[in-house]
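Okay, structure first, notes after.
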Protein chains: 2
Amino acid sequence: MLELEPSRIEVGTPVGALDTPCLVVDLDRMERNLRDWQADIDRYKTRLRPHIKTHKVPEIALQQEKLGAVGIACAKVTEAEPFVAAGCRDVVIAYPVVGRAKWERLARLAREAKMTVNVDSPAAVKGISQVASEGRVQIGVQIEVDSGFHRCGFAYTDVDGIETFARLIKSLPGIELEGITTHRGVFFDGAASMTTEEAGLEEGRLMVELAEKLRARGVPIKQVTAGGTLTGRYVAQVPGITEVRAGTYVFFDSMQVGYGTTTEDNLALTILTTVVSHQAPDRATVDGGSKTFSGDRGVVGANSAKSGPELARAVGRDVLLERISEEHGMVRVGAGENLQVGEKVAFYPFHVCTCVNLSDELIGVRGGKVEKVWRISARGKRS
Amino acid sequence: MLELEPSRIEVGTPVGALDTPCLVVDLDRMERNLRDWQADIDRYKTRLRPHIKTHKVPEIALQQEKLGAVGIACAKVTEAEPFVAAGCRDVVIAYPVVGRAKWERLARLAREAKMTVNVDSPAAVKGISQVASEGRVQIGVQIEVDSGFHRCGFAYTDVDGIETFARLIKSLPGIELEGITTHRGVFFDGAASMTTEEAGLEEGRLMVELAEKLRARGVPIKQVTAGGTLTGRYVAQVPGITEVRAGTYVFFDSMQVGYGTTTEDNLALTILTTVVSHQAPDRATVDGGSKTFSGDRGVVGANSAKSGPELARAVGRDVLLERISEEHGMVRVGAGENLQVGEKVAFYPFHVCTCVNLSDELIGVRGGKVEKVWRISARGKRS
């Protein structure tokens, strides 16, 4: 009878000896990214709240908090749980939490940590108010504003609608109105003709102006939050913005390089693969496909992010990932390359968050050797 | 201190009460699909070997074997492990297994089960031969043939190359040449102008002709295997084909409906979501995004499968999933629909295999109630 043994990765293993495909984190780069972003946002006297969707690892969130982050943001209640269990005490669920099972879990988390959630419907605020009252906890709410992504939230021009909704929130027990929030990045009509700086400054300005209009009507807006790694550094510069959220800056990815948010020497996560087939001089196949690289180009269906034709680019090699099926990555091999079956090739992922969600562990390396293996605790936590 | 409690899904729970997003399997439809496909392939006196990549659940594989399947196919060594542990005794790894760590695990599996792997390089057959000899096991190999997908394998026209490679295999201890294998589906140049029947018959014919040429040169080819759910029923009809592989037929998906392989009333897996935001009459957002629906259109990068503009279609509702980010599914709501925040909406996925790989469990229902909850044991097993 076969006993199932999980693969064990020993500390000290050279990167080249790792089984593939796997996700390798350059710890020096990651730590520098965390310090640099925190310092940048600190400079504008704005708070930074990292979105943990990129790494999904509580230990990394605790590092971010130690560097000055005010807490964490995440998208789902079950995603928040391993972070609260690990000691995070200020958690924003930047997502409209809807459904009795989720509200009950949220109230349970609110016994341990300051919990704040996005809201944009009467059904949600009534449900959250009820579980908060029943559980004798206080839950913060932020009104979600649609600044152009058309994903969730009141249109930023709908000041009347937001005011009415804010008054409903004020009338309900157990919940407290914290402020307004948005996420837009570069995913809105007209983004293609703007720099990320222009997009970020506008995103911040729209929100601050909306906050002023609401305050003029007597609606107390304490927090005005926006951002993301693409625009967050610029959003943070707008006076009146109290907090910026960003996730990808921990590792960055090729999408961010494409937008000029960072440069290749800050890319902290690579995907290590093995060449498994090489039947023509100009093409080969590696052992990572869509179950590893995801194939995600930012937003699927519309307004996808800028990129070259390739799905991923090899680190320091003229090798481009062009097509993927679930377990196969078909690469174009440059004329000057000499690739061998069995050779390992590392790639910079296009959209790192979706790759992390497909993986069970992150392998932290320094000086070419494994220093840390993190279980990706929040992988697949989407309810 | 928060104790992490996994969500428990009780047998008997009504589908409408399930927390979302989740994957719901209609057990009646699934069991009918398994019976019907097995009966179809049996009719042509060809063996059926289900590819477990679609369900990734050992208990379902054992059902398939009970109905007459000769064993299972999978893509990776770690993916095979839970199936061998559960009792599968005839396993094909339909993938070029490359790398010392993988070969060692393969040899370990070969102590428990008949293991056969795809090969297309001298490096791989030498490595496998070595671990097989060291471990005193026998490992079967199938020469992978490229019939147009350009993913792995010798070109089907390269009879000389295949003959030379076959003679290398014959010269090595511990491994045995089983035959030739290919996977093409509809992912090849020229597929757009053919029906799946024409594509399948051609796929089978190419392989049988190649086998005859090799036999004429004295290369013993016992197994001639090909197929997939898109073409397998036709491949099976070609005299000389010994075995057909197929995965998706267990659940089918919208991609298969688009190709006419099946009809909507056989779709056995749906994705249940909750409406979390509904800010305009014609659009709303559900709580499943790319972490649930994947966004995969078959093969990313080229030759993607036929489909409408939507990423997924709601079951019995005029609601289409148009855009997805990680946790948000933006839907187009038909004029006659009346959708409410908090309401649950089920969708047929476009490519079901990639959705299963993003999930931790499959919820089997019958008569609207949960009958079985399967852990997706091989989720994320890609090394």
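The sequence lines fix the lettering, A, B, ..., with proteins before strands; numbering per chain opens at 1. Side-chain atoms are counted along with the backbone in the values below, which use heavy atoms only and exclude waters and symmetry mates.
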Check whether the side chains of D146(B) and Q279(A) place a donor and an acceptor atom closer than 3.5 Å, and report yes or no.
no
May I ask you to test the H278(B)-C152(A) pair for a side-chain heavy-atom distance under 4.5 Å?
no
In this structure, CG of D19(B) is separated from CD of E104(A) (nearest 0.5 Å) by 10.0 Å
Are any non-hydrogen side-chain atoms of R151(B) and M330(A) less than 4.5 angstrom apart?
yes
Can you tell me which portion of F154(A) sits under 4.5 Å from chain B's heavy atoms? Options are side chain, backbone, both or neither.
both
Exercise: do N357(B) and E326(A) side chains pair donor with acceptor under 3.5 Å
no
Find the distance between NE2 (H150(B)) and OG (S277(A)) and round it off to the nearest 0.5 Å.
12.5 Å
Sort R283(A) into side chain, backbone, both or neither according to what part of it lies under 4.5 angstrom from a heavy atom of chain B.
side chain
Need one label for V119(A): side chain, backbone, both or neither, based on atoms under 4.5 Å from any heavy atom in chain B.
neither
Please classify the contact between V97(B) and chain A as side chain, backbone, both or neither, with a heavy-atom cut-off of under 4.5 Å.
neither
Do the side chains of E327(A) and K381(B) get close enough for a salt bridge, i.e. N-O under 4.0 angstrom?
no
Greatest number of heavy atom pairs closer than 4.5 Å to chain A - which of P21(B), A101(B), A113(B), A124(B)
P21(B)
Can you tell me if S121(A) uses its side chain to pair, donor with acceptor, with the backbone of V341(B) under 3.5 Å?
no
Return the set of residues passing side chain to side chain donor-acceptor pair (under 3.5 Å) with R375(B) (not counting sequence neighbours), or none when no residue passes.
none
After noting the C-alpha distance and the side-chain angles of K102(A) and D287(B), does the key distance pass the side chain to side chain contact (heavy atoms under 4.5 Å, CB included) rule?
CA-CA 12 Å; K102(A) 292 171 172 56; D287(B) 63 353; 3.8 Å; yes
Let's test your reading of the structure: which of A75(B), A280(B), P122(B), G153(B) forms the most heavy-atom pairs below 4.5 Å with chain A?
G153(B)
Which answer fits V286(A), side chain, backbone, both or neither, if we ask what part of it has an atom under 4.5 Å from a heavy atom of chain B?
backbone
Does the side chain of S290(B) reach to within under 4.5 Å of the side chain of T354(A), using non-hydrogen atoms?
yes
If I measure from the heavy atoms of chain B, does K344(A) come under 4.5 Å with its side chain, its backbone, both, or neither?
neither
Intermediate values then yes/no, ring pair (Phe, Tyr, Trp, His ring centres under 6.0 Å), F149(B) and H328(A)
CA-CA 11 Å; F149(B) 197 165; H328(A) 296 77; 7.4 Å; no
Looking at Y156(A), I want to see if its OH is surrounded by more than 12 non-hydrogen atoms of other residues, nucleotides or ligands under 6.0 Å.
no
Kindly indicate, with the supporting measurements, whether the criterion salt bridge (charged side-chain N to carboxylate O under 4.0 Å, His left out) is fulfilled by K291(B) and E79(A).
CA-CA 12 Å; K291(B) 281 172 66 177; E79(A) 195 180 26; 3.8 Å; yes
Taking every heavy-atom pair that is under 4.5 Å apart, which of G342(A), G289(A), C353(A) has the most such pairs with chain B?
C353(A)
Note: vs chain A, highest number of non-hydrogen pairs under 4.5 angstrom among G380(B), C22(B), S359(B) is S359(B)
Residues R379(A), D360(B): salt bridge by 4.0 Å N-O rule
yes
Check T274(A) against V98(B) and note the closest heavy-atom contact, atom names and distance.
CG2-CG1, 4.0 Å
Flag, side chain of R382(B) to backbone of L358(A), donor-acceptor distance under 3.5 Å
yes
